[in-house]
Number of protein chains: 2
Amino acid sequence: METIIPYYPAMQKTARKSRSVVRPPGRPREFDMDTALDRAVRVFSERGYHATSIGDLTAAMRLATGSVYKAFRDKHAVFLAAFERYVVLRQEQTRRAAAQGGTGRERLRNLLLSYVEHSQGSEGRRGCLVVGSAVELSAVDPVVAALVSARLETNEGFIAGLIREGQADGSIPRHVAADDTARLMICITQGLRVVGKARLSLDGKRLVAVAMKLLA
Amino acid sequence: METIIPYYPAMQKTARKSRSVVRPPGRPREFDMDTALDRAVRVFSERGYHATSIGDLTAAMRLATGSVYKAFRDKHAVFLAAFERYVVLRQEQTRRAAAQGGTGRERLRNLLLSYVEHSQGSEGRRGCLVVGSAVELSAVDPVVAALVSARLETNEGFIAGLIREGQADGSIPRHVAADDTARLMICITQGLRVVGKARLSLDGKRLVAVAMKLLA
DNA sequence: CATATTAGGAAACAATCGTTTCCGATATCT
DNA sequence: AGATATCGGAAACGATTGTTTCCTAATATG
């Protein structure tokens with residue numbers, strides 16, 4: 001059985017409660033938590049949670065063991081912080097890719113194309129942290145399971161919204177079932193990350209062209 | 001770094017080389033390797049490779065530590081044997097599901113329906129060993145990576161074959177791109193297992209109805 | 001300049017990991 | 001029945017895990 005620590009990280013970096021009471025008299029070298037977490041995301045994505053040791057983590061984050069444990073309660077907390085950092089960045093990228101499109105249909109095509117590209121090459125081989133967490137941890141870690149489900153549902157809602165936008169602007173037929181199609185497209189995006197990690201080649205234009213038939 | 005042992009299991013159960021030279025004079029309780037491996041598949045699928053300890057394994061397989069290490073070189077060999085056992089069983093199930101269908105189109109629908117059903121409920125929560133291996137091990141274990149890729153390509157070839165059968169019997173239009181559609185359907189099937197592990201509900205009939213539009 | 005406070009780093013912690021070894025129990029063959 | 005070969009089970013192995021602790025080096029404030 002697995003001991004689960006269902007708590008959030010207690011970062012001390014931004015934890016100066018009120019700067020009038022607790023003053024920061026002396027502080028050594030600069031410390032950038034976000035770039036450190038970005039590097040943690042890379043290791044966790046590539047190796048997964050259990051195969052990533054604290055040594056791997058500190059090497060990747062370029063932080064000493066002590067520094068990590070001063071910033072986070074434990075390994076699980078580092079993972080949760082990395083997960084949330086990953087989700088924020090990926091959501092930003094996805095929405096930006098979708099945004100450049102005149103119609104709902106075009107925005108959806110851009111979103112799918114973006115997913116295929118991120119599933120390829122070195123990033124594809126590294127893998128998606130959401131997919132990795134779903135597969136490796138969902139069954140044994142309720143905290144991660146909830147985060148993963150929430151993420152999938154948010155994504156699905158976003159896709160369903162794009163479909164409805166397309167139906168409003170006339171680029172997608174009214175008879176398309178928005179919710180069912182969105183759920184299937186979530187399967188496609190998650191499946192793309194699995195296939196990309198298995199190193200199978202993915203031709204973006206052709207795959208997306210086929211997928212767009214779901215909007216006919 | 002991970003030490004990778006790229007060798008196959010050395011099962012001693014069926015390893016009586018020539019029964020005239022090495023005779024089996026005495027053998028204790030019966031030993032059913034296949035059902036033991038089936039139980040190993042369950043643990044590995046649910047927890048993944050790294051989170052499954054030898055203790056978990058022996059408890060699930062109902063074998064003593066010594067027995068496991070007499071039948072297999074190490075944990076990695078147990079995993080490979082379980083993986084191949086899983087692949088054989090799943091392939092059998094999938095082909096049987098597809099077989100009961102008069103046209104290529106019907107066989108494809110049955111295959112997709114079978115995938116949705118296996119991605120749901122307790123089996124869905126347990127997860128697919130191929131998907132799990134792709135996500136957790138492909139990046140660090142070349143042996144498993146090769147097995148996973150081979151499995152995906154076999155599946156993709158089977159689906160492409162069904163599409164071509166459908167085109168031959170007139171149930172699927174000729175203009176459908178068999179290879180591209182098959183690759184996208186592989187993404188759908190793998191994505192279904194990811195989503196199923198995240199406990200999202202899946203309505204088989206409706207999802208498959210949407211997916212069948214790829215054959216229009 | 002002196003002081004307080006933080007990150008870096010190494011060393012040590014208990015716990016668990018995968019693996020090996022040993023021996024008694026069990027069942028088959030001569 | 002007696003000999004023999006295997007499985008079950010437990011105990012012990014070193015290696016590695018995640019975590020804690022202590023000390024040094026470095027810096028912004030008073």
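Excluded from the calculations below are hydrogen atoms, water molecules and symmetry mates; all remaining heavy atoms, backbone and side chain alike, are included. Just so it is clear, the structure is predicted and the values come from calculations on it, not from any experiment. Numbers restart at 1 for each chain; the letters A, B, ... are given by sequence-line order, proteins then strands.
Mapped onto DNA chain D by nearest heavy atom, B:A64 and A:I54 fall at different nucleotides, with B:A64 at the one closer to the 5' end.
Nucleotide D:dT24 holds its P atom 14 Å from the NZ atom of A:K70, rounded to whole Å. In this structure, the CG atom of A:L57 is 13 Å from the C1' atom of D:dT17, given to the nearest Å. Rounded to an integer number of Å, the gap from A:L63 CG to C:dA10 P is 14 Å. Here D:dT20 presents its P atom at 8 Å from CG of A:D74, a figure rounded to the nearest Å. For B:M61 and D:dG9, the CE to P distance is 14 Å, given to the nearest whole Å. Here C:dT16 presents its C1' atom at 13 Å from NE2 of A:H50, a figure rounded to the nearest Å. Atom NE2 of B:H76 and atom P of C:dC17 are 19 Å apart (whole Å).
B:T58 comes within 4.0 angstrom of no nucleic acid atom, judged by non-hydrogen atoms across all strands.
The existence of a salt bridge linking A:R183 and A:E156 is confirmed by a sub-4.0 Å separation between a basic side-chain nitrogen and an acidic carboxylate oxygen. With respect to B:R164 and B:D179, a salt bridge is recorded, a charged nitrogen being found less than 4.0 Å from a carboxylate O.
Comparing D:dC7, D:dG18, C:dG18 by their nearest atom to the side chain of B:K75 picks out C:dG18. Distances were taken from every side-chain heavy atom of A:S53 (C-beta onward) to each of C:dG18, C:dG9, D:dG18; the shortest belongs to D:dG18.
Looking at A:T35 and A:D38, their side chains never bring a donor and an acceptor atom within 3.5 Å of each other.
No option in B:L129, B:T52, B:V41 other than B:L129 meets the side chain to side chain contact (heavy atoms under 4.5 Å, CB included) test with B:F79.
Between A:Y69 and D:dT19 there is a side-chain polar atom (N or O) within less than 4.0 angstrom of OP1 or OP2.
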